[in-house]
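Just follow the structure's listing: the first ligand is 1, and inside any ligand the first atom is 1.
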Amino acid sequence: MKNKFYITTPIYYVNDKPHLGHAYTTLVADVLVRYFKLKGEKVFFLTGTDEHGAKIEKAAKEAKKSLREFCDEKAEQFKKAWANLNISYDKFIRTSDKEHIEAVQNVLKVLFNKGLIYKGTYEGLYCPGCEQCKTKEDLIDGRCQEHKLEPELMKEESYLFKLSLFQDILKEKIESDELEIIPKERKKEVLSFLKKPLQDISISRQKVKWGVPLPFDQKLTLYVWIDAFLNYLTGLGWKGDVKEAPDFWPADLHLMSKDILRVHATIWPALLLALGLPLPKRIFVHGYFTIDGQKMSKTLGNVIWPDEIVEKFGADGARYLLLSNMSFGKDGDISWQKLNEKYNADLANGLGNLLSRTIKLNETLSVQPENQESISDLCKLIEELKFKEALDQIWQKINWANKHIEEKQLWILTKDNPQEAQKILKELLSLILQVAECLLPFIPETAQKIKEQIRENNSQILFPRVK
Ligand code: MSP
């Protein structure tokens with residue numbers, strides 16, 4: 001398929017409701033999707049929930065709910081959070097969907113028949129938070145750095161996937177950017193990990209009941225990550241027939257944060273190679289949100305939930321605040337105070353004020369703007385996923401325009417020199433229209449409102465100030 005763009009987010013674990021980190025990744029996807037749709041490309045946007053495994057079993061038990069009821073409830077919370085942020089995906093996949101499970105079982109049969117899965121004994125240090133085995137080098141003071149947990153020794157009779165076979169080919173595909181990893185520092189990290197020999201991985205679980213049963217040994221369930229990866233294919237309606245990849249495959253972009261890059265750059269492409277399917281084109285790894293300099297965590301009690309941000313600042317307010325907070329590939333720190341200040345400065349005073357004062361000053365003169373297209377430099381930044389940088393560039397224009405009104409004392413000119421005032425108003429309105437075009441993927445409702453208000457020469461408050 002030509003001019004297509006297939007973008008995915010990780011599928012999120014349903015052990016808890018969606019938090020800001022999940023919201024950020026999904027929002028990044030939504031902005032790109034809106035951008036490529038405006039460019040006229042065929043886009044498919046997949047997101048969803050990862051519902052199997054020990055972690056979810058435990059959470060459902062603690063909530064005293066059946067697994068089905070618990071997962072349904074959580075999946076709904078994710079859908080609602082995305083609707084509140086005005087995120088529009090094409091498909092929301094759940095790994096507990098019957099179609100997904102059947103396709104996964106078909107894949108397992110193929111791998112088994114190809115001799116890429118074998119029975120053996122597996123031993124490793126397993127972090128239940130990551131649902132991954134850790135190497136000694138991953139641990140600091142004996143603990144996993146992601147979850148600050150001491151990994152458990154896992155030793156069981158197991159089916160293993162021959163991951164080790166794919167070491168050299170993975171290295172080559174990543175080095176040559178056939179499977180591109182950005183930012184480059186992340187690619188380096190993966191390549192340095194690939195210098196050590198890759199171990200075969202256990203793909204079966206004896207003790208976990210909530211999972212996909214192995215078709216060749218029904219009393220065992222599948223390791224949750226294998227189940228999860230295949231969502232990127234089954235989300236396109238694929239039934240597990242390796243002779244036929246779905247239309248939108250390969251993924252043009254997998255979005256994620258650094259926590260899950262390694263598995264995405266090893267196990268996932270190895271599975272695809274094993275199945276004879278093309279590799280994803282690109283993996284983009286964004287940073288982490290921290291709150292007041294600390295990792296967001298329920299134990300620390302410092303979590304900010306996406307719904308709270310939407311409630312306070314509106315969907316577009318929340319979208320702007322999240323997207324303008326994180327530089328390409330870096331971590332971003334937020335706090336309620338910073339969010340309030342940024343909202344008031346950039347949205348209420350910056351953009352909102354510019355629009356309302358310009359339209360008011362134009363009340364008697366009724367100047368029409370010139371039609372504007374979005375800026376090409378900006379398109380480049382968006383395509384490079386430099387959203388904060390793109391927004392900074394747009395806000396430079398907004399700030400310039402507000403300053404220009406002050407310097408020219410436009411409110412005096414409209415009376416004393418209407419001809420000069422008309423010239424400046426045309427320039428300003430054209431600039432605002434251009435800003436609105438550029439903002440369409442980021443804050444779509446506001447961008448439309450700006451265009452309407454200019455057309456009708458009638459101003460309404462875009463962003464009420466907050467305390
Ligand atoms: N279920 C697996 C992914 C399977 S994909 C085949 C998983 N789920 S998760 O719920 O833990 O989500 C991890 C992802 O959520 C990260 O890769 C990132 O996209 C997002 N974030 C979670 N916490 C984050 C921050 N604090 N900051 C930014 N994003 C982070 O891993």
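Between the side chains of T49 and E51, a donor-acceptor pair is found at a separation under 3.5 Å. A donor-acceptor pair shorter than 3.5 Å cannot be found between the side chains of E157 and Y122.
Given atom 2 (C) of ligand 1, the protein heavy atom at minimum distance is I11 O, 3.4 Å. When hydrogens are left out, the protein atom nearest atom 23 (N) of ligand 1 is H19 CE1, 3.2 Å; that is the closest non-hydrogen contact. Ranking protein heavy atoms by distance to atom 13 (C) of ligand 1, first place goes to D259 OD2, 3.5 Å. Of the protein's non-hydrogen atoms, G21 CA, 3.5 Å is the one closest to atom 24 (C) of ligand 1. The shortest contact between atom 15 (O) of ligand 1 and any protein heavy atom is with H22 CD2, 3.4 Å. Of all protein heavy atoms, the one lying nearest to atom 31 (O) of ligand 1 is I260 CG2, 3.4 Å. Of all protein heavy atoms, the one lying nearest to atom 19 (O) of ligand 1 is T25 OG1, 2.7 Å. Protein heavy atom nearest atom 26 (N) of ligand 1, with residue, atom name and distance: F289 O, 3.4 Å.
Where the criterion is an N or O separation shorter than 3.5 Å, residue side chain and backbone included, M326 fails it with respect to ligand 1. Below 3.5 Å of separation, one finds no N or O of P10 facing any N or O of ligand 1. Residue Y232 has no N or O atom closer than 3.5 Å to an N or O atom of ligand 1. Among the atoms of Y13, some N or O lies under 3.5 angstrom from an N or O of ligand 1.
Atoms of ligand 1 lying under 4.0 Å from any heavy atom of D50, numbered from 1 in the order shown and given with element: 1 (N), 2 (C), 4 (C). Proximity to A228 (heavy-atom distance under 4.0 Å) selects the following atoms of ligand 1: 6 (C). Atoms of ligand 1 found under 4.0 Å from any heavy atom of H286, numbered from 1 in the order shown, are 19 (O), 28 (C), 29 (N).
Assignment of G287 to the shell around ligand 1 is supported, since a heavy atom sits closer than 4.0 Å. Residue E131 places no heavy atom under 4.0 Å from ligand 1.
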For this session: With side-chain hydrogen bond (donor to acceptor under 3.5 Å, both in side chains) as the test, would you mind laying out the steps for K39 and N3 before giving the verdict?
Result: CA-CA 10 Å; K39 271 184 72 181; N3 290 343; over 6 Å; no
Problem set entry | Audit row: N325, Y24, side-chain hydrogen bond (donor to acceptor under 3.5 Å, both in side chains) steps and yes/no | CA-CA 10 Å; N325 196 277; Y24 181 75; over 6 Å; no
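With Y320 as the partner, the ring pair (Phe, Tyr, Trp, His ring centres under 6.0 Å) test is satisfied by one option alone out of W395, Y343, F313: W395. Partner of F387 under the side chain to side chain contact (heavy atoms under 4.5 Å, CB included) criterion, out of L27, L32, L381: L32 alone. Of the options E383, E389, E384, a salt bridge (charged side-chain N to carboxylate O under 4.0 Å, His left out) to K386 is made by E384 and by none of the others.
Aromatic rings of F328 and F284 (six-membered ring for Trp) have centroids within the 6.0 Å cut-off, being under it.
Taken from NZ in K342 to OG in S324, the straight-line distance is 4.5 Å, to the nearest 0.5 Å.
Counting only non-hydrogen atoms, the option in Y12, W225, Y288 that gets closest to atom 4 (C) of ligand 1 is W225.
For the pair K258 and Y288, the cation sits on the ring face: its NZ or CZ lies under 6.0 Å from the ring centre, inside 45° of the axis.
The aromatic rings of F78 and H22 sit tilted, their planes meeting at an angle between 30° and 60°.
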